[in-house]
Structures are given as C-alpha cells and as structure tokens.
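In what follows, a single structure is set out as structure tokens and then discussed.
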Amino acid sequence: TDRDRRSDPRGRWRRAGRCPGASERSVSDPRPLSRRVLADQVKERLLEDILSGRHAPDSRIVETAVAKELGTSQAPVREALRGLEALGVVEITPFRGARVRRPSRRDIIEAYAVRTSLEVLAARLAVPRLTDTDLATLTDRLAAMRAGAVAGDGHAVAEADARFHARIVDLADNHTLTRLWNSLEPLSRTYLTLIGPGADLPWSAELHAPVLAALSRRDVGAVVAALEHHFDEVRDAMARRWPEDGAGPGAAAASSATVG
C-alpha cells in the first residue's frame with residue numbers, strides 16, 4: 001500500500017520478504033543447508049577413514065581426490081575438513097592443504113583425563129537405566145573384543161572397544177555429555193592407531209571385563225572404580241610406550257591396534 005511504501009522508502013521489507021501483512025516465510029536459502037548436510041556426510045566418512053587407519057597420522061588428505069572418490073565438489077570436502085580441524089584430528093596449512101594430525105603425548109593424556117570424568121558421570125546416569133538387553137549388548141561387545149584379540153585383529157578390537165564405551169555414554173541419555181564425549185573420542189581413537197604393532201590385544205579386551213561385571217551388579221560405586229582403573233591402566237600403558245613428547249609410538253608404522 002502507499003502507507004507501506006512511505007514507511008519503507010528503500011523497500012527493505014519487500015526485498016527481505018517482510019512486507020507488513022504478508023505471511024511470514026523463511027528468508028534462508030535452502031541450498032547452503034543442502035551443502036551443509038553433504039559436508040557433514042563427507043566429514044563422517046573422512047573421520048571413519050581416519051579412525052580406521054586408512055588415513056594414517058601425518059598423511060595428506062587431498063581435497064580433489066576425496067571429491068572425486070565421493071562424487072562431490074570440493075566445497076563440501078573443504079567444509080568437512082574444517083570441521084575435522086575443529087575436532088583436532090586434522091591440520092590445515094595454507095598452500096599445503098590438510099593432513100591427519102599426529103597428537104602429542106600431552107594431547108592424549110589430557111583427553112583421557114577429561115574422558116574419564118565424562119564416562120564416570122555417564123556411568124552414574126546410566127546404571128539406574130540399565131536393562132538386561134543393555135547388558136546383553138555390552139556383553140556382546142566385550143565378546144567381539146575378545147574374538148578380535150584372539151584373531152590378532154586390532155581393528156576389530158578397536159571397533160568393539162569404541163562401541164562398548166559409546167553404549168555406556170548413550171545410556172546416560174544426556175545430550176550435552178554425549179556431545180562433549182564425541183568431541184574427545186576421535187582424539188582417543190587416534191591414539192589407537194599410534195600404539196603400533198605388538199600391542200597386547202587380549203589385555204586391552206580384558207580391561208573391560210571389570211567394568212561389565214560392575215555394570216551387571218548395577219553397583220554404581222564399583223562401576224566408577226572400574227572405569228577409573230581402566231583409564232589409569234590405559235594412561236600408564238601409553239606412558240610406557242610413549243615416554244617423551246615427540247613423534248609418538250608407531251610413527252614409522254601405524255596400525256589399528258588399540259587400547260581404550
């Protein structure tokens with residue numbers, strides 16, 4: 001109307017889709033959202049490849065190669081790499097591109113210290129919610145760790161290990177806790193690729209038995225003690241294999257063998 005034009009002489013409302021009397025509508029462009037969803041998918045794929053050891057620490061991740069492999073443009077790949085940089089698993093250097101970050105001994109120790117506190121809190125919240133089905137799931141994951149250890153399959157142990165801990169965190173049903181734990185878990189699992197050949201896989205698997213036993217008794221205090229002991233053992237093992245801050249264990253030959 002004439003009055004609307006007088007009150008909006010520069011047409012800002014009309015250009016923004018906010019004319020008085022008009023039905024309210026979103027002013028966002030759906031295309032960036034689509035790209036963001038694609039970037040998240042690329043990020044998850046790259047993270048899986050890093051955690052599985054396909055992209056080893058210090059190896060380059062070439063945008064063009066990833067885009068070609070996944071059948072996408074470079075834009076979502078670039079966005080995905082920035083997201084991985086925020087997680088601390090990738091480093092991006094101007095004019096040199098992205099590479100998988102090799103964490104320092106201090107990085108890992110600090111991550112495990114925080115992860116211990118998060119998982120202890122998760123256990124306190126999870127125990128009252130535990131069902132027999134949940135315990136059966138955790139039992140199956142420990143069995144998978146043991147089977148992988150017998151087969152000498154470090155990657156299988158790592159996968160079952162991560163799923164065991166993730167299930168405890170999921171059972172806490174606390175979204176903030178889960179988000180914080182997920183931000184640390186990639187760094188913890190990066191260490192799994194660094195401990196190199198010769199890791200004691202049966203020992204790694206059996207670290208989880210006391211945790212499962214305490215969960216089965218639904219004894220919160222015992223679960224907390226078992227988890228704290230579990231992570232103390234992991235940190236001590238890391239200190240033995242990685243005595244000084246530097247290239248880290250397995251620098252010459254990374255593998256997907258695991259503890260954690």
Side-chain angles (χ1 to χ4, degrees), residues 43-61 79-94 96-123 154-155 157-159 161-166 168-169 176-201 203-204 207-208 227-260:
K43 175 183 166 184
E44 289 303 312
R45 175 68 174 273
L46 286 171
L47 185 56
E48 288 175 10
D49 287 346
I50 291 169
L51 297 180
S52 71
R54 183 184 178 205
H55 294 307
D58 297 324
S59 65
R60 291 187 62 216
I61 298 179
E79 193 168 340
L81 288 171
R82 284 196 292 265
L84 291 173
E85 183 181 37
L87 282 178
V89 296
V90 162
E91 288 181 334
I92 300 175
T93 305
R96 299 185 64 181
R99 68 178 181 87
V100 179
R101 181 170 173 263
R102 179 178 292 276
S104 69
R105 183 175 185 267
R106 177 175 177 174
D107 290 334
I108 299 297
I109 289 175
E110 290 180 350
Y112 269 109
V114 177
R115 183 178 164 184
T116 302
S117 297
L118 291 175
E119 290 201 29
V120 163
L121 174 58
H155 179 66
V157 177
E159 287 297 311
D161 180 317
R163 291 168 61 210
F164 182 95
H165 289 276
I168 295 173
V169 174
T176 300
L177 190 157
T178 300
R179 184 172 64 253
L180 291 171
W181 186 86
N182 283 334
S183 72
L184 291 172
E185 201 262 347
L187 183 59
S188 300
R189 286 186 64 191
T190 297
Y191 169 59
L192 309 184
T193 70
L194 290 175
I195 63 173
D200 189 341
L201 298 179
W203 172 83
S204 175
L207 279 177
H208 300 79
L227 279 170
E228 289 177 339
H229 176 73
H230 172 98
F231 285 112
D232 285 345
E233 289 287 304
V234 171
R235 284 193 297 270
D236 288 347
M238 185 195 70
R240 289 193 300 270
R241 297 181 62 87
W242 198 345
E244 296 179 359
D245 212 357
S255 80
S256 58
T258 175
V259 296

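Under the 3.5 Å distance criterion, the side-chain polar atoms of S204 are left unmatched by any main-chain donor or acceptor of D200. With hydrogens and angles disregarded, a donor-acceptor distance shorter than 3.5 Å links the side chain of R101 to the backbone of G88. Within the 3.5 Å criterion, the main-chain N or O of S104 finds a donor-acceptor partner in the side chain of D107.
Using the six-membered ring where Trp is involved, F164 and H208 have ring planes that are perpendicular, over 60° apart on the 30 and 60° scheme.
With rounding to the nearest 0.5 angstrom, the CG atom of L207 is 11.0 Å from the CG atom of L227. Note that CD1 of I109 and CZ of R235 are 8.5 Å apart. Values are rounded to the nearest 0.5 Å. Of the inter-residue distances, the one linking E159 atom CD with E48 atom CD reads 8.5 Å to the nearest 0.5 angstrom. Remark: L87 CG to L184 CG distance equals 9.5 Å, nearest 0.5 Å. The distance from the CD atom of E44 to the CG atom of D49 is 11.5 Å, given to the nearest 0.5 Å. Residue R54 holds its CZ atom at 12.0 Å from NE2 of H155, rounded to the nearest 0.5 Å.
Using a 4.5 Å heavy-atom threshold, the side chains of E85 and L81 count as separate. Between L46 and V90, every side-chain heavy-atom pair lies at or beyond the 4.5 Å cut-off.
The shortest heavy-atom contact between Y112 and V234 is CZ-CG1, 3.6 Å. Nearest heavy atom pair, residue E119 against residue H165, reads OE1-ND1, 2.7 Å. Among all heavy-atom pairs drawn from R99 and R102, the shortest one is NH1-N, 4.3 Å. Contact record, A98 with I92: CB-CG1, 4.0 Å, taken as the closest heavy-atom pair.
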